[in-house]
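Taking it in order: structure first as structure tokens, then the write-up.
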Amino acid sequence: MDTTPDVLPAGKDQQPEICKFGLQVYNQAKRAASPDTYSFKRNPNAGKPAAIPNATIYLDFDGEVVSNTAWNAKGTIYAAAANLSVTEVERIVKRVSEDFSPFDVVVTTDETIYQATNPYKRTRVIVTETWEWFGVVGGTAFNNSFTWGNNTPVFIFSTLLNYNEKFIAEAISHEVGHTLGLLHQADYDPAGTLLSEYNMGCGDGITSWAPIMGIGYYQNVTTWHKGPTVLGYNNIQDDVAIISNIIGLKTDRNREMDKSEEFASGQQGLISDKNDIDYYFIHVKQPTTITAEPFCLAGGEGSNLNLKMKIYDKKGMLLKTIKTSSVLSVSTTLEKEKYYVSIESDPVHSVSRYGLLGNYTLLAQ
């Protein structure tokens with residue numbers, strides 16, 4: 001494996017990150033468009049949205065002309081559309097939205113929302129087939145450009161990533177991470193010797209894990225991480241703290257046992273930081289199965305959470321703890337009675353629950 005760092009030396013903020021993502025072979029053949037190819041029709045007369053977000057990540061899949069930015073030293077860039085299907089775009093948006101779900105930011109394909117957002121708290125991600133002007137890489141971004149206020153975008157090259165929606169989604173979150181000031185999470189041996197610029201994670205199957213700022217292409221659970229960067233074994237980067245310092249975290253709730261959080265059939269929740277434990281009250285009137293499922297695509301794909309559930313009696317005494325090592329969801333059956341239920345993230349493999357943040361659904365059936 002090539003361990004030559006892609007990251008540019010400190011102080012070179014006007015040079016973009018060149019992200020190879022450990023790929024040795026890139027697809028360079030553009031595929032034919034299909035009748036289902038995504039095309040968002042912009043409304044030039046659209047006004048400002050009713051609610052203006054605190055911060056915005058705009059995913060631009062339908063082509064763009066880029067000028068007057070840090071990318072334009074050699075002239076205007078004519079970026080073709082991504083040539084992705086409607087379904088592929090929907091899955092990519094869901095994946096990226098979940099990566100940023102703990103933060104006070106909107107992920108959207110609507111340019112009017114981007115235009116209405118504070119220029120110093122937004123970024124545009126252009127997913128395009130047009131890579132020849134830059135070179136053979138998966139994606140590229142300028143570090144810290146989220147706060148530049150001058151419309152400098154991120155580029156993700158759909159052709160080179162072989163139109164793979166998982167790869168494209170991981171690359172988007174990774175490159176947006178760069179715009180927020182993050183470097184690559186690297187891999188070192190116990191002696192502190194650099195093994196790879198990109199931490200590739202660990203595990204297999206549905207519970208496999210990797211950091212977003214490493215290589216998430218080949219693992220299912222991909223999260224923000226606290227670990228060493230390519231700048232050194234002792235250079236520890238706290239991804240969540242860095243991102244939240246710029247765009248903030250969503251407001252959390254139900255951290256205490258409170259009957260006001262009663263539910264009967266279903267509840268949406270969010271684990272927003274490593275210490276977050278959500279509590280619910282339930283009055284079970286007949287034997288009922290309680291299931292907590294992390295947000296994901298079909299079959300558990302794309303989850304950012306590994307869940308643990310605890311059941312307490314109506315006085316708050318712990319009755320049992322439910323967690324698994326082979327799946328990300330948890331489930332138990334409760335008999336007729338009143339209970340408190342708590343939901344939290346649980347470490348996966350040897351990785352702490354630091355970055356295991358995201359949305360889940362609690363169901364009673």
Side-chain angles (χ1 to χ4, degrees), residues 6-8 12-23 26-31 37-40 42 56-84 88-89 92-93 95-96 99-100 107-109 111 114-115 119 122-184 197-198 212-213 215-217:
D6 296 339
V7 69
L8 292 155
K12 298 294 186 181
D13 285 348
Q14 295 302 313
Q15 297 296 320
E17 292 280 353
I18 302 170
C19 298
K20 303 172 186 174
F21 300 110
L23 294 175
Y26 294 85
N27 171 66
Q28 297 185 26
K30 294 179 173 62
R31 70 181 182 183
T37 299
Y38 175 88
S39 178
F40 182 82
R42 293 189 181 93
T56 294
I57 298 167
Y58 167 42
L59 306 186
D60 186 346
F61 294 94
D62 55 357
E64 198 63 50
V65 177
V66 180
S67 59
N68 300 315
T69 75
W71 298 106
N72 297 116
K74 296 184 179 179
T76 300
I77 298 167
Y78 297 91
N83 193 11
L84 297 168
E88 287 168 334
V89 168
I92 289 166
V93 172
R95 287 180 182 273
V96 177
D99 288 341
F100 287 93
V107 177
T108 182
T109 57
E111 186 172 16
Y114 169 81
Q115 296 294 355
R122 69 187 189 188
T123 193
R124 179 196 299 263
V125 180
I126 299 175
V127 185
T128 177
E129 287 189 305
T130 307
W131 57 268
E132 295 84 354
W133 65 275
F134 187 81
V136 181
V137 299
T140 184
F142 282 95
N143 262 330
N144 302 301
S145 59
F146 201 98
T147 59
W148 284 0
N150 64 358
N151 294 312
T152 295
V154 168
F155 287 95
I156 305 296
F157 302 117
S158 56
T159 309
L160 297 176
L161 294 178
N162 203 28
Y163 304 96
N164 183 308
E165 56 93 356
K166 159 74 166 168
F167 286 15
I168 291 170
E170 296 292 347
I172 289 171
S173 294
H174 180 106
E175 296 303 337
V176 172
H178 283 314
T179 73
L180 291 160
L182 300 182
L183 301 177
H184 293 153
E197 176 184 0
Y198 297 97
I212 292 169
M213 296 310 296
I215 300 178
Y217 288 177

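Trp133 and Trp71 have perpendicular rings, their planes meeting at more than 60° on a 0 to 90° scale where under 30° would count as parallel. Under the 30°/60° scheme for interplanar angles, the aromatic rings of His174 and His184 are found to be tilted.
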Kindly determine whether Val96 and Val125 satisfy side chain to side chain contact (heavy atoms under 4.5 Å, CB included), including the steps that lead there. CA-CA 11 Å; Val96 177; Val125 180; over 6 Å; no
Please step through side chain to side chain contact (heavy atoms under 4.5 Å, CB included) for the pair Val107 and Leu59, ending with a clear verdict. CA-CA 7 Å; Val107 177; Leu59 306 186; 3.8 Å; yes
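For the pair Gln28/Val136, a side-chain contact is recorded, criterion being any heavy-atom separation below 4.5 Å from C-beta on. With contacts defined as side-chain heavy-atom distances shorter than 4.5 Å, the pair Phe61/Thr109 qualifies. Looking at heavy atoms from C-beta onward, Ile92 lies out of side-chain contact with Val127 at the 4.5 angstrom threshold. Here the side chains of Val137 and Cys19 are not in contact, with every heavy-atom distance at 4.5 Å or above. Within the 4.5 Å cutoff, side-chain heavy atoms of Phe155 are placed close to those of Ile77. Considering only heavy atoms from C-beta on, Thr159 stays 4.5 Å or farther from Tyr26 through its side chain. Using a 4.5 Å heavy-atom cutoff, the side chains of Leu23 and Leu161 are in contact. For the pair Arg124 and Gln115, the minimum side-chain heavy-atom distance is below 4.5 Å.
In this structure, the separation between OH on Tyr114 and CG on Asp60 is 9.5 Å, given to the nearest 0.5 Å. Separating the NE2 atom in His178 from the OG1 atom in Thr140 is a distance of 8.0 Å, to the nearest 0.5 Å. Between the CG atom in Leu180 and the CZ atom in Phe100 there is a gap of 6.0 Å [rounded to 0.5 Å]. With rounding to the nearest 0.5 Å, the separation of CG in Leu160 from NZ in Lys30 is 8.0 Å. Here CG of Asn83 is found 10.5 Å from OG1 of Thr130. Values are rounded to the nearest 0.5 Å. Once rounded to the nearest 0.5 Å, the distance linking OG1 of Thr123 with CZ of Phe142 reads 11.5 Å.
Counting only residues at least two apart or in different chains, salt bridge (Lys or Arg N to Asp or Glu O under 4.0 Å) contacts with residues 133-148 are absent.
No salt bridge links Arg31 with Glu129; every basic N to acidic carboxylate O contact stays at or beyond 4.0 Å. Ion pair Lys20/Glu197 not flagged as a salt bridge, since none of the NZ, NE, NH1 or NH2 atoms sits closer than 4.0 Å to an Asp/Glu carboxylate oxygen.
Phe134 and Pro16 get closest at one heavy-atom pair: CE1-CG, 4.1 Å. For Tyr217 against Ala171, the heavy-atom pair with the smallest separation is OH-CB, 3.8 Å. Nearest heavy atom pair, residue Ser158 against residue Ala82, reads OG-O, 2.9 Å. The heavy-atom pair separating Asn72 from Asn68 by the smallest distance is OD1-N, 3.1 Å. In plain terms, the two heavy atoms of Ala70 and Thr152 that are nearest each other are N-OG1, 3.7 Å. Of all non-hydrogen atoms in Arg95 and Ala169, the two that sit nearest each other are CD-CB, 3.5 Å.
The number of heavy atoms from other shown groups lying within 6.0 Å of CG (Asn150) is above 12.
Judged purely by atom type and a 3.5 angstrom limit, Asn143 has no side-chain atom pairing as donor or acceptor with the backbone of Glu17. At distances below 3.5 Å, not a single donor-acceptor pair connects side-chain atoms of Thr128 with backbone N or O atoms of Phe157. Not a single donor-acceptor pair under 3.5 Å links the side chain of Asn162 to the backbone N or O of Asn164.
Remark: Arg122 is not positioned above the aromatic ring of Tyr58, lacking an NZ or CZ atom under 6.0 angstrom from the ring centre and at most 45 degrees off the axis.
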